[in-house]
**Q** 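This is the structure I want to talk about, given as structure tokens.
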Amino acid sequence: MTEAPLPFPLAAPPTIYHPSPQLIGLQEKCPVAPVVMSDGSPAWLVSRYADVKRILTDNRFSRAAAGGADGPPQELGALETESLIGMDPPEHTRLRRLVARTFTARRVEELRPWVAGLVDQLIDRMTRLPRPVDLVEHFSTPLPVEVISELLGIPEADRHKCKTWSDTMMGDWRQDPEGTRDALDSFARLIDARRADPGDDLISALIQASDAEDKLTEHELVSLCVGVLIGGHETTTNQINMALLTLFRHPDQLDRLLADLDGGIGPAVEELTRFIQLGETGVMLPRITTEEVELSGVTLPAGSAVLPAFVAANRDPAAYPDPDRLDLTRSPNPHLGFGAGVHHCLGAQLARMELQEALRGLFTRLPGLRITVADSELRFKQGLAVRCVEALPVTWKV
């Protein structure tokens with residue numbers, strides 16, 4: 001164990017492709033490390049795969065308690081306590097069951113042809129623009145926004161607002177209460193409109209559950225819809241961007257994928273999900289212990305704040321041979337990119353399918369695709385919990 005608590009967040013990694021060396025050093029020598037948060041509160045930073053997975057699957061590590069006054073600072077603002085990601089069973093179980101009906105594997109596969117067609121439409125528009133084209137603006141943002149908006153039932157006239165709503169919610173709600181209120185009011189109006197004119201969409205289904213089945217409150221209804229919107233597109237947008245950056249950094253793996261795109265795209269998406277570093281700190285969604293728990297020989301008292309380091313867990317040599325090597329054929333690949341346990345990502349199957357179709361479409365339709373700026377020229381949005389590229393200019397062979 002370290003002699004004194006370390007300040008958290010740790011020192012930033014030297015590149016966007018690897019975890020902090022300090023974090024990986026702790027994984028080897030002090031996998032359950034005492035740290036001090038930016039507000040001065042103590043916490044435990046956990047970095048080994050087995051321990052992180054246990055945190056995600058053991059109900060003694062509470063998400064709901066982490067949103068209380070004694071919890072660590074919230075990376076996702078009030079979203080951490082107002083939506084599914086901030087709840088524990090049985091409340092979490094009741095609400096998740098209602099949303100999960102929309103994200104079954106069968107339902108996702110039924111959507112695949114439509115998503116592939118949407119990918120083609122976006123690429124068609126890109127090919128009519130002067131190059132280089134900003135992939136963020138013209139592809140990686142509109143694709144997931146359009147998909148999750150369609151599932152939710154957001155009218156086409158309002159879909160251009162979704163990104164603004166999401167960015168507001170992903171920031172600190174306390175710093176922008178007016179913007180947050182506007183976004184929540186917008187969703188409340190959407191719900192009112194769907195209640196008057198229901199359709200075959202998630203908002204309508206949740207309204208029916210609210211009015212007839214599980215008696216959702218209006219607050220729960222709005223929070224669920226906001227959580228689905230953000231969870232349904234924010235990380236997928238950034239996964240598309242980071243997937244391209246990562247693949248172009250590993251040309252041997254890209255060549256292997258292009259040689260068998262249809263057969264290799266599934267395993268490739270799993271490995272990219274394991275390998276990509278989406279968060280700035282390597283940690284999201286802290287927990288609080290509800291009773292005394294031991295991890296890697298360290299006893300954590302009840303009431304301890306625990307920070308699971310997903311990015312380090314996904315690079316743990318105890319779980320993955322040669323973990324810092326991108327291997328698009330890696331198997332098995334039990335990564336934690338979509339979490340685990342009761343908080344396993346609801347939209348994991350949807351995200352996988354969107355990533356597969358996005359990469360398939362880009363590499364099939366745009367031969368010689370390449371990014372036109374160096375990593376040093378990339379700019380990232382500030383104040384968000386995930387790493388969001390502001391722009392990604394690309395070009396291709398005519």
**Q** Backbone N or O of Leu300 within a donor-acceptor pair of the Ser304 side chain at under 3.5 Å?
**A** no
**Q** Can you tell me which residue pairs pass the side chain to side chain donor-acceptor pair (under 3.5 Å) test with a partner in residues 135-150, sequence neighbours excluded?
**A** Ser140-Asn241, Glu146-Arg159, Glu150-Arg159
**Q** Are Leu355 and Leu366 connected in a single hydrophobic cluster, I mean Ile/Leu/Val/Met/Phe/Trp/Tyr linked by side-chain heavy atoms less than 4.5 Å apart?
**A** yes
**Q** Tell me if the CG atom of Asp200 is crowded by more than 12 foreign heavy atoms within 6.0 Å.
**A** no
**Q** Using side-chain heavy atoms (C-beta onward) and a distance below 4.5 Å, is Leu245 in contact with Leu378?
**A** yes
**Q** Please identify each residue that fulfils side-chain contact (heavy atoms from CB on, under 4.5 Å) with Ala157, with sequence neighbours left out.
**A** none
**Q** Hey, mind stepping through Thr299 and Glu292 against side-chain contact (heavy atoms from CB on, under 4.5 Å) and telling me if it holds?
**A** CA-CA 7 Å; Thr299 299; Glu292 183 177 281; 3.4 Å; yes
**Q** Just checking Arg195: does its CZ atom have more than 12 heavy atoms from other residues, nucleotides or ligands closer to it than 6.0 angstrom?
**A** yes
**Q** What ring-ring contact (aromatic ring centres under 6.0 Å, His included) pairs are there with at least one residue in residues 331-371, not counting sequence neighbours?
**A** His92-His343, His335-Phe338
**Q** Less than 4.5 Å apart, side chain to side chain, heavy atoms only: is that true for Val394 and Arg370?
**A** no
**Q** How close do Ala105 and Gln349 get, heavy atom to heavy atom, and via which atoms?
**A** CB-NE2, 4.0 Å
**Q** Could you name each residue pair satisfying salt bridge (charged side-chain N to carboxylate O under 4.0 Å, His left out) that touches residues 297-320, not counting sequence neighbours?
**A** Arg315-Asp324
**Q** Which pairs pass salt bridge (charged side-chain N to carboxylate O under 4.0 Å, His left out) with one or both residues in residues 259-269, sequence neighbours excluded?
**A** Asp262-Arg360
**Q** Please report the shortest heavy-atom distance between Val35 and Leu45, naming the atom on each side.
**A** CG1-CB, 3.9 Å
**Q** With the side chain counted from C-beta on, respond yes when Leu26 and Leu10 share a heavy-atom pair under 4.5 Å apart, and no when they do not.
**A** yes
**Q** Same cluster or not: Leu129 versus Leu118, using hydrophobic residues (I, L, V, M, F, W, Y) connected whenever any side-chain heavy atoms lie under 4.5 Å apart?
**A** yes
**Q** I'd like to know if Leu23 and Val36 are part of one continuous hydrophobic network [Ile/Leu/Val/Met/Phe/Trp/Tyr, side-chain heavy atoms within less than 4.5 Å].
**A** no
**Q** Which heavy-atom pair separates Val119 from Gly361 by the least distance, and what is that distance?
**A** CG1-CA, 3.9 Å
**Q** Under a plain distance cut-off of 3.5 Å, with no hydrogens placed, do Ser186 and Arg189 share a side-chain donor-acceptor pair?
**A** yes
**Q** Ignoring hydrogens and angles, tell me if any N or O in the side chain of Gln27 forms a donor-acceptor pair with the backbone of Ser47 under 3.5 Å.
**A** yes
**Q** Of all residues at least two apart in sequence or in a different chain, which pass the salt bridge (Lys or Arg N to Asp or Glu O under 4.0 Å) check with Arg54?
**A** Asp58
**Q** Step by step, work out the side-chain contact (heavy atoms from CB on, under 4.5 Å) result for Leu307 and Val46.
**A** CA-CA 6 Å; Leu307 310 178; Val46 181; over 6 Å; no
**Q** Please determine, by modelled atom types, if Asp201 and Ser204 share a side-chain donor-acceptor pair under 3.5 angstrom.
**A** yes
**Q** Measuring only between side-chain heavy atoms, which start at C-beta, is Phe139 closer than 4.5 Å to Thr237?
**A** no
**Q** Does the His18 side chain pair with the main chain of Pro14, one donor and one acceptor, at a distance under 3.5 Å?
**A** no
**Q** Can any side-chain N or O of Asp88 pair as donor or acceptor with the backbone N or O of Ser62 at less than 3.5 Å?
**A** no
**Q** State, with a plain yes or no, whether a side-chain heavy atom of Arg48 is found less than 4.5 Å away from one of Leu295.
**A** no
**Q** Quick one, Leu328 and Leu247 - any side-chain contact, counting heavy atoms below 4.5 Å?
**A** yes
**Q** Could you work out, with side-chain contact (heavy atoms from CB on, under 4.5 Å) as the rule, every residue matching Arg379, not counting sequence neighbours?
**A** Glu390
**Q** Per the ring-ring contact (aromatic ring centres under 6.0 Å, His included) rule, what does the pair list look like for residues 300-327, sequence neighbours excluded?
**A** Tyr49-Tyr320
**Q** Tell me, please, which residues at least two apart from Asp252 pass salt bridge (Lys or Arg N to Asp or Glu O under 4.0 Å).
**A** none
**Q** For Pro132 and Thr372, work out which heavy atoms get closest and say how close.
**A** CB-OG1, 3.9 Å
**Q** For Pro267, give me all partners under side-chain contact (heavy atoms from CB on, under 4.5 Å), at least two apart in sequence or on another chain.
**A** none
**Q** Say whether, by atom type as modelled, one donor and one acceptor occur between the side chain of Thr273 and the main chain of Val269 under 3.5 angstrom.
**A** yes
**Q** Partners of Arg131 by side-chain contact (heavy atoms from CB on, under 4.5 Å), sequence neighbours excluded?
**A** Val133, Thr395, Trp396, Val398
**Q** Any side-chain donor-acceptor pair under 3.5 Å between Ser41 and Asp39?
**A** yes
**Q** Between Arg112 and Gln356, is a side-chain hydrogen bond (donor to acceptor under 3.5 Å, both in side chains) present by the stated rule, with each step listed?
**A** CA-CA 10 Å; Arg112 188 183 289 271; Gln356 291 167 11; 3.1 Å; yes
**Q** For the pair Leu359 and Leu244, evaluate side-chain contact (heavy atoms from CB on, under 4.5 Å) and give the outcome as yes or no after the intermediate values.
**A** CA-CA 8 Å; Leu359 294 175; Leu244 288 180; 4.1 Å; yes
**Q** Below 4.5 Å, heavy atoms only, C-beta onward: do Phe248 and Leu369 meet side chain to side chain?
**A** yes
**Q** Short question: side chain of Glu291, backbone of Thr289 - any donor-acceptor pair under 3.5 Å?
**A** no
**Q** Is the CD atom of Glu377 crowded by more than 12 outside heavy atoms at less than 6.0 Å?
**A** yes
**Q** Hey, does Asp327 have a side-chain heavy atom less than 4.5 Å from the side chain of Arg256?
**A** yes
**Q** Just do the side-chain contact (heavy atoms from CB on, under 4.5 Å) check on Asn59 and Thr290 with the steps written out, would you?
**A** CA-CA 8 Å; Asn59 60 14; Thr290 58; over 6 Å; no
**Q** Please list all pairs passing the salt bridge (charged side-chain N to carboxylate O under 4.0 Å, His left out) test where one or both residues lie in residues 328-353, with sequence neighbours left out.
**A** Glu270-Arg352, Glu271-Arg330
